[in-house]
K.L.:
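Quick one: structure below, then a few questions.
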Amino acid sequence: MQVIHKTINGLLEEVAAAYPQQDAIIHTERHVRYNFQQLSREIDRSARGFIKKGIKAGDRVGLWAHNSPEWLLSFLGLTKIGAITVPIDPNAAAENLHFILEQSECCGLIISAGATNRKFEEMALAAKKQFPTLQFILAVGDTPAEGMTTWADFLEPAAEVSDQTLAETARAVQAANPMAIMYTSGTTGQPKGVVLDHLGLINKSMVGTERQGITAEDRLCLFFPLFHMMGNTCIALAGLLRGAALIMPCETFDPPKILQAISQEKCTAVYGSPSMLIALIDHPDFQKEGWEKVSKGIIGGAPCPIELMRRIVEDIGVSDITVAYGITETSSWITMTHPDDPIELRVSTIGTPLPCNEVKIIDPGSGEQLAPNQQGELCTRGFLMKAYYKMPAATAAAVDKEEWFHTGDLGEMDEKGYVRITGRLKDVIVRDGVDIYPVEVEEAIYQLPEISEAQVFGFPHPQKGQEVAAWVKLKAGAKLSLDRIEQHVQSRLTEDKWPTHYKFVSDFPMTGSGKIQKFKLAEMGQDEYLKR
């Protein structure tokens with residue numbers, strides 16, 4: 001492939017020049033519509049606002065908000081001046097938020113504000129008091145709390161920044177410069193900041209959209225959370241860089257609003273996890289006629305049940321939808337099925353490597369590359385992250401001297417290059433596309449003094465990919481209810497990490513050397529919860 005050596009905003013300016021009057025961003029819930037010419041102007045206003053705020057190239061700014069036009073304008077405005085966006089999960093607990101702000105040394109924080117978002121305001125103001133590096137809070141929404149800058153007030157002095165200053169600032173940005181730090185949870189419970197550059201995100205986006213067949217004529221439905229790479233890169237950036245329109249139905253996942261937007265805005269592509277798509281097509285408001293223009297998209301984050309794929313492709317008519325596999329550390333997608341692949345191939349594999357990266361399967365012990373159809377660790381090379389932010393040891397452990405990233409996933413590759421994921425080297429649970437690290441949940445349970453031992457594990461689930469169970473052993477004579485354990489976990493962790501099942505046990509399956517066998521727990525959990 002021919003590598004694109006451009007910045008994100010440089011390429012977006014070319015797109016805006018080619019398609020000035022075409023729809024770029026439409027947020028139906030907020031009644032906001034921008035064509036590419038208007039979007040380009042709004043990005044510049046945002047960039048000027050950040051320059052006026054004193055933001056410089058390399059500065060980190062946290063983006064902790066729901067899906068809104070301002071989320072994307074902030075992201076692209078910061079990117080234009082060489083600053084680094086730090087997306088943060090809107091459901092982040094205070095401890096997680098504080099860790100990210102402190103570890104990344106953010107100098108500013110952009111949040112959702114208003115009557116329905118008081119938790120953002122309270123937690124952001126508390127963080128500002130705690131961290132001297134956090135100089136300002138920019139609030140998106142109505143009537144924010146005192147001590148915050150509104151979006152309107154942020155933009156008002158932007159006109160004072162000259163065209164020359166903005167142009168010179170933008171020209172200084174290079175394709176290899178970092179533009180985002182996206183945090184991904186670590187096995188110790190502490191997130192790792194994945195440093196990404198323009199080069200990786202642009203080339204992965206262009207190759208991924210080429211595989212899907214996305215063009216400037218497409219209209220992509222964007223309801224996946226923007227803090228996640230699938231939302232901000234695989235859909236938003238990728239679509240805009242192709243000149244496609246982004247249709248944003250809602251700030252948070254809302255099936256009726258999404259279904260209405262798909263129909264009214266004549267969307268041609270949808271993106272989501274299997275559980276998200278099930279929630280849409282099983283909703284009482286779903287009408288097949290509203291999806292008559294939808295033919296493309298991606299199912300990612302979890303294995304897609306064949307029944308769901310058949311229904312989407314054959315019954316509803318989304319004929320060219322693909323299945324893809326990617327990781328934040330690899331600047332998004334690694335493999336993807338082809339739109340014309342048989343349904344069976346689209347559910348049994350994660351497709352073939354994209355032409356912008358290499359993939360190999362190695363023996364985890366020796367590191368030697370394996371022959372086709374042999375199980376080993378999946379490794380990839382090409383357009384990787386620059387590093388884990390301020391974590392050189394973790395970076396060295398993930399990327400070897402030959403620049404291969406070790407995914408930690410077990411898989412097989414056949415003679416035609418189709419890859420199948422068969423398991424995980426570690427015990428990471430993937431439910432609805434969210435990585436859940438058992439040790440993090442176990443540590444929360446161990447905070448209860450009555451607990452002797454806790455084991456959190458995943459087992460296969462037909463819709464979610466995996467489901468989560470927590471089995472616990474109490475200390476002798478201790479009294480504690482399962483409800484109390486569940487309430488405690490919910491108070492310590494975000495909802496996407498909560499176990500669904502809890503159970504008291506007297507012992508755990510172990511090896512002869514005394515190690516607990518989590519694979520046996522997974523088998524027991526599957527028998528107990530799915531085969532009733």
Side-chain angles (χ1 to χ4, degrees), residues 1 182 184 196 200-214 218 220-225 228-239 241-242 244 268-278 294-306 308-309 312-313 318-359 378-380 382-384 405 407-409 411-414 416-422 430-435 464-465:
M1 62 163 283
M182 299 189 194
T184 179
L196 301 160
L201 297 189
I202 281 181
N203 283 279
K204 284 287 183 101
S205 294
M206 298 305 281
V207 172
T209 47
E210 183 177 10
R211 174 74 61 91
Q212 298 169 59
I214 298 297
D218 281 301
L220 282 52
C221 192
L222 170 54
F223 51 80
F224 211 92
H228 194 284
M229 173 169 270
M230 184 164 177
N232 63 52
T233 298
C234 304
I235 308 171
L237 274 183
L241 292 174
R242 281 290 178 189
T268 64
V270 294
Y271 298 79
S273 66
S275 60
M276 283 178 166
L277 293 174
I278 289 170
V294 183
S295 63
K296 306 172 185 178
I298 293 175
I299 301 176
C304 181
I306 191 166
L308 174 62
M309 183 63 81
I312 291 172
V313 173
V318 190
S319 58
D320 294 339
I321 198 163
T322 61
V323 168
Y325 163 82
I327 296 174
T328 306
E329 289 91 335
T330 66
S331 304
S332 76
W333 303 126
I334 300 170
T335 66
M336 190 181 294
T337 59
H338 300 258
D340 57 355
D341 279 337
I343 288 177
E344 290 73 14
L345 208 54
R346 283 187 258 182
V347 296
S348 63
T349 78
I350 53 172
T352 61
L354 293 170
C356 57
N357 53 225
E358 303 169 78
V359 171
L378 189 153
C379 297
T380 183
F383 298 107
L384 302 180
F405 175 74
T407 67
D409 285 327
E412 301 172 357
M413 187 189 302
D414 67 17
K416 295 182 178 180
Y418 282 86
V419 179
R420 184 168 66 92
I421 295 296
T422 57
V430 183
R431 178 176 61 188
D432 287 338
V434 175
D435 285 0
K464 300 179 180 181

K.L.:
Roughly how far apart are D320 CG and Q212 CD, rounded to 0.5 Å?
P.N.:
10.5 Å

K.L.:
If I take atom OG1 from residue T328 and atom CG from residue L384, how far apart are they, to the nearest 0.5 angstrom?
P.N.:
12.5 Å

K.L.:
Determine the sole option in T335, D341, T337 for which the side-chain hydrogen bond (donor to acceptor under 3.5 Å, both in side chains) test with Y418 is passed.
P.N.:
D341

K.L.:
Restricting to non-hydrogen atoms, name the atom on A244 and the atom on I214 that form the minimum distance, rounded to 0.1 Å.
P.N.:
CB-CG2, 4.3 Å

K.L.:
Tell me if a side-chain donor or acceptor on T407 pairs with a main-chain N or O of L378 at a distance below 3.5 Å.
P.N.:
yes

K.L.:
Looking at M1 and C356, what are the two nearest heavy atoms and their distance?
P.N.:
SD-CB, 3.1 Å

K.L.:
Please table the atom pairs, donor to acceptor, closer than 3.5 Å between any side-chain atom in residues 295-305 and protein atoms at least two apart or in another chain.
P.N.:
residue	atom	partner	partner atom	Å
K296	NZ	G213	O	2.6
K296	NZ	D218	OD1	3.3
K296	NZ	D218	OD2	2.9

K.L.:
What distance separates L308 CG from L277 CG, expressed to the nearest 0.5 Å?
P.N.:
6.5 Å

K.L.:
Looking only at non-hydrogen atoms, find the nearest pair between S205 and L241 and report the distance.
P.N.:
CB-CD1, 4.2 Å

K.L.:
Mind checking the SG-CG spacing from C234 to L222? Nearest 0.5 Å is all I need.
P.N.:
11.0 Å

K.L.:
Quick one: does E210's side chain get under 4.5 Å of R242's, heavy atoms only?
P.N.:
yes

K.L.:
Just how far is it from atom CD1 of I350 to atom CG of D409, taken to the nearest 0.5 Å?
P.N.:
7.5 Å

K.L.:
Using only atom types and a distance under 3.5 Å, with no angle test, would you say the side chain of K204 pairs donor to acceptor with the backbone of W333?
P.N.:
yes

K.L.:
Are any side-chain N or O atoms of T209 and backbone N or O atoms of M206, one a donor and one an acceptor, separated by less than 3.5 Å?
P.N.:
yes

K.L.:
Here's a test for you: under side chain to side chain contact (heavy atoms under 4.5 Å, CB included), which of L196, I235, L237 qualifies with M229?
P.N.:
L196

K.L.:
Show the nearest heavy-atom pair for residues P339 and T322, with the distance to one decimal.
P.N.:
N-CG2, 3.9 Å

K.L.:
Distance from R420 atom CZ to L345 atom CG, nearest 0.5 Å?
P.N.:
11.5 Å

K.L.:
Any non-hydrogen side-chain atom of I421 less than 4.5 Å from a side-chain atom of Y325?
P.N.:
yes

K.L.:
How about E412: does its CD atom have over 12 heavy atoms from other parts shown lying under 6.0 Å from it?
P.N.:
yes

K.L.:
Given side-chain contact (heavy atoms from CB on, under 4.5 Å), test V347 with V323 step by step and report yes or no.
P.N.:
CA-CA 7 Å; V347 296; V323 168; 5.7 Å; no

K.L.:
Just by distance, do the side chain of R211 and the backbone of H338 share a donor-acceptor pair under 3.5 Å?
P.N.:
no

K.L.:
Let's go through S332 and L201 carefully: what are the C-alpha distance in whole Å and the side-chain angles of both, what is the deciding distance for side-chain contact (heavy atoms from CB on, under 4.5 Å) to 0.1 Å, and is it a yes or a no?
P.N.:
CA-CA 7 Å; S332 76; L201 297 189; 5.6 Å; no

K.L.:
Which pair of non-hydrogen atoms, one from G382 and one from N357, has the smallest distance, and what is that distance?
P.N.:
O-CB, 4.0 Å

K.L.:
Check whether any side-chain N or O of S331 sits under 3.5 Å from a backbone N or O of F383 as a donor-acceptor pair, and report yes or no.
P.N.:
yes

K.L.:
Side chain to side chain contact (heavy atoms under 4.5 Å, CB included) with E358: which residues, sequence neighbours excluded?
P.N.:
R381, W404

K.L.:
Scan for salt bridge (Lys or Arg N to Asp or Glu O under 4.0 Å) pairs involving residues 346-355, sequence neighbours excluded, and state none if there are none.
P.N.:
none

K.L.:
For D414 and K416, indicate whether the former's side chain and the latter's backbone hold a donor-acceptor pair under 3.5 Å.
P.N.:
yes

